[in-house]
Amino acid sequence: MAEPPITLALSKGRILEESMPLLRAAGIEPDADPESSRRLVLGTRDTGVRLVVVRASDVPAYVQFGAADLGIIGKDVLAEHGGAGMYELLDLGIARCRLVVAARAEDARDGPRQRIRVATKYVRLARRHFAAVGVQADIIHLYGSMELAPLVGLAQRIVDLTDTGSTLRANGLVELETIMPVSSRLVANRASMKLRHRDVQDLAGRLAAAVAGSGTPATATGGA
Ligand code: ADP
Ligand code: MG
């Protein structure tokens, strides 16, 4: 009996766009365009690989519970999730940005008050960061448009991703500190690493070669 396909979960949006050239270079050619197709499960030509396309923040759940053997996610999403049930195999060097603390330029001059409100999608990372720097922070969980929160007094700080800083600047916000640099990672379900070791390593190896060929060196990131 033929083995079931290896399932790779891809993050919709920016990461998907930047993943496709790497996947193609690794010999994975989807049977429909994942960016325009409405199909959520795609086959590939000549490989035992199946692609599922999901919301970036949902990829960890698919990998953790083994619905996907592998996934491509931002380090931000991986760190916020905590990485339970998965190994980080490779830094793909794509979708690079930074997780930062930002504030309105006029508030940035005052040091943090006794207690500040921080708006973010990254509740766990924000909590850990402010605990580490000894600032009492009430974390407000938002799902988007974090830049708005300081402008209307919802929060004095935000924790959000930025690349060029142009969205922050456009809203009169300045970066105060970088929490972590972010790029996309290949992750594997822990059980798949054992049960489908050869297939997982084969795909990881081909992606590593594709990353090396793309000019940004692939870094084997080892354990979780
Ligand atoms: P969503 O809006 O669903 O969170 P995005 O495409 O905005 O989806 O972000 C998905 C991932 O892309 C993030 O988790 C991060 O790893 C990466 N990313 C987000 N913003 C940027 C950016 N400005 N530059 C590069 N990569 C980014
Ligand atoms: Mg976004």
Side-chain angles (χ1 to χ4, degrees), residues 1-97 182-224:
M1 204 180 76
E3 272 199 290
I6 280 278
T7 300
L8 170 62
L10 298 176
S11 301
K12 229 179 256 179
R14 189 188 315 257
I15 293 180
L16 178 61
E17 245 169 70
E18 297 190 33
S19 299
M20 287 323 296
L22 283 181
L23 291 176
R24 293 202 169 96
I28 296 156
E29 189 61 51
D31 59 15
D33 177 7
E35 281 160 74
S36 60
S37 172
R38 287 169 179 271
R39 285 166 50 202
L40 300 175
V41 182
L42 303 173
T44 58
R45 260 177 248 153
D46 305 325
T47 53
V49 178
R50 162 171 87 154
L51 306 176
V52 297
V53 182
V54 301
R55 185 78 192 256
S57 44
D58 289 341
V59 172
Y62 284 81
V63 176
Q64 174 177 1
F65 297 106
D69 302 289
L70 291 154
I72 294 180
I73 45 176
K75 183 70 179 179
D76 52 323
V77 168
L78 176 58
E80 178 70 17
H81 171 271
M86 65 191 75
Y87 295 109
E88 183 185 327
L89 299 184
L90 204 60
D91 182 352
L92 298 171
I94 57 170
R96 290 176 183 276
C97 54
V182 169
S183 56
S184 297
R185 310 300 163 102
L186 180 70
V187 293
N189 170 266
R190 279 178 182 262
S192 301
M193 271 305 269
K194 293 203 190 77
L195 302 173
R196 308 210 55 185
H197 188 77
R198 204 165 38 87
D199 293 329
V200 166
Q201 284 303 338
D202 174 62
L203 188 55
R206 284 191 286 150
L207 277 170
V211 175
S214 74
T216 33
T219 322
T221 45

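Values below: all heavy atoms of this structure, side chains included; hydrogens, waters and symmetry mates excluded.
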Would a 4.5 Å heavy-atom cut-off, applied to side chains only, mark [X] and [Y] as touching?
X: Ile73; Y: Pro60; result: yes
X: Met193; Y: Leu89; result: yes
X: Leu90; Y: Leu207; result: yes
X: Leu203; Y: Ile6; result: yes
X: Leu16; Y: Val53; result: yes
X: Lys12; Y: Arg55; result: no
X: Leu51; Y: Pro30; result: yes

Steps toward side chain to side chain contact (heavy atoms under 4.5 Å, CB included) verdict (Leu40, Val54): CA-CA 7 Å; Leu40 300 175; Val54 301; over 6 Å; no

Check residues 18-29 and write down every donor-acceptor pair under 3.5 Å in which the side-chain atom is one partner and the other belongs to a residue at least two apart or another chain.
residue, atom, partner, partner atom, Å
Glu18, OE1, Ala95, N, 2.8
Ser19, OG, Ile15, O, 2.6
Arg24, NE, Glu29, OE2, 3.1

Donor-acceptor contact below 3.5 Å, side chain Asp31 vs main chain Gly43: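 Yes, the answer is positive, given that a donor and an acceptor are paired below the 3.5 Å cut-off.
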
Leu92 backbone acceptor or donor facing Ser184 side chain under 3.5 Å: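 Absent.
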
Nearest non-hydrogen partners of Val200 and Ser192, listed with the distance: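 Smallest heavy-atom distance, with atoms named: CG2-O, 3.8 Å.
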
Which atom of Leu78 lies closest to which atom of Glu88, heavy atoms considered: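 Result for this residue pair: CD2-OE1, 3.3 Å.
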
Those residues that, when tested against [X], pass side-chain contact (heavy atoms from CB on, under 4.5 Å) (two or more places apart):
X: Gln64; result: His81, Ala84, Met86
X: Ala32; result: Ser37, Arg39, Leu42
X: Ala61; result: none
X: Thr7; result: Arg50, Val52, Ala68, Asp69

Salt bridge (Lys or Arg N to Asp or Glu O under 4.0 Å) contacts touching residues 192-204 (sequence neighbours left out):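 The answer is Glu3-Arg196, Arg196-Asp199, Asp202-Arg206.
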
CD1 on Ile72 to CD1 on Ile94, rounded to 0.5 Å: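 Those atoms lie 6.0 Å apart.
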
Nearest-0.5 Å distance, CG of residue Asn189 to OH of residue Tyr62: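 The CG atom of Asn189 sits 14.5 Å away from the OH atom of Tyr62.
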
Val59 and Val77: CA distance, side-chain angles, deciding distance, side chain to side chain contact (heavy atoms under 4.5 Å, CB included) verdict: CA-CA 9 Å; Val59 172; Val77 168; 5.9 Å; no

